[in-house]
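Notes follow the structure.
When a residue number appears, it is its place in the shown sequence, counting from 1.
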Amino acid sequence: MSILQRPSDSSRAVGARARLLGAAAAEARELLKALLSPNTLVEEVEQMRTLQLAADRVEPSNPARAAWLRSRASRIGLR
């Protein structure tokens with residue numbers, strides 16, 4: 001690869017900065033959504049808590065099911 005085809009350090013820095021700003025903007029959007037509709041957030045937390053309690057109940061008899069329930073609980077906010 002010739003020197004003209006290689007990305008320069010400054011273009012890499014610009015790309016990294018753009019990714020960082022994009023990630024920060026996405027986080028800010030999610031925070032704003034949560035602040036504007038807190039009931040949705042509360043419902044998700046209640047669902048996660050219900051799944052965690054169910055996992056605690058079945059843990060002694062069925063650890064695989066408990067792990068599955070906890071996995072589901074951990075993914076609720078990612079929808």
Side-chain angles (χ1 to χ4, degrees):
M1 180 183 290
S2 78
I3 195 162
L4 295 176
Q5 293 173 331
R6 282 189 229 146
S8 68
D9 288 339
S10 64
S11 67
R12 280 189 222 136
V14 169
R17 207 171 307 127
R19 284 190 303 278
L20 178 64
L21 288 174
E27 289 291 329
R29 275 192 303 273
E30 290 302 315
L31 176 62
L32 186 59
K33 283 190 329 189
L35 292 173
L36 291 175
S37 60
N39 290 337
T40 304
L41 186 62
V42 170
E43 289 171 6
E44 288 177 350
V45 171
E46 288 173 349
Q47 287 176 341
M48 288 187 285
R49 178 72 177 146
T50 302
L51 289 169
Q52 290 289 345
L53 290 173
D56 290 343
R57 279 194 308 274
V58 300
E59 179 84 43
S61 62
N62 194 345
R65 175 123 174 104
W68 181 80
L69 288 168
R70 287 189 181 100
S71 175
R72 266 190 65 200
S74 71
R75 289 182 176 86
I76 284 180
L78 301 177
R79 299 186 230 155

Kindly list each side-chain donor-acceptor pair under 3.5 angstrom involving residues 26-37, sequence neighbours excluded, with atom names and distances?
{"unit_1": "E30", "atom_1": "OE2", "unit_2": "K33", "atom_2": "NZ", "d": "3.1"}
{"unit_1": "S37", "atom_1": "OG", "unit_2": "K33", "atom_2": "O", "d": "2.9"}

Query raised in the report: Could you give the distance from CD1 (I76) to CZ (R49), rounded to the nearest 0.5 Å?
Result: 13.0 Å
Query raised in the report: Sequence neighbours excluded, which residues qualify as side-chain hydrogen bond (donor to acceptor under 3.5 Å, both in side chains) partners of T50?
Result: none
Report summary line: Those residues at least two apart in sequence (or on a different chain) that pass salt bridge (charged side-chain N to carboxylate O under 4.0 Å, His left out) with E59 are R70
Query - V42: hydrophobic cluster co-members (side-chain, 4.5 Å) - result: none
Query raised in the report: How many angstroms lie between atom CG of N39 and atom CD of E44, to the nearest 0.5 angstrom?
Result: 11.5 Å
**Report entry** Partner set under side-chain hydrogen bond (donor to acceptor under 3.5 Å, both in side chains) for Q52, not counting sequence neighbours
**Finding:** none
Requested in this report: Taking side-chain contact (heavy atoms from CB on, under 4.5 Å) as the test, write out the residues that go with R65, two or more places apart.
Outcome: V58, N62, W68, L69
Report task. Identify, with sequence neighbours excluded, every residue that meets side-chain contact (heavy atoms from CB on, under 4.5 Å) alongside R17. Result -> A13, V14
**Report entry** Hydrophobic cluster membership, L53 vs L51, 4.5 Å side-chain cutoff
**Finding:** no
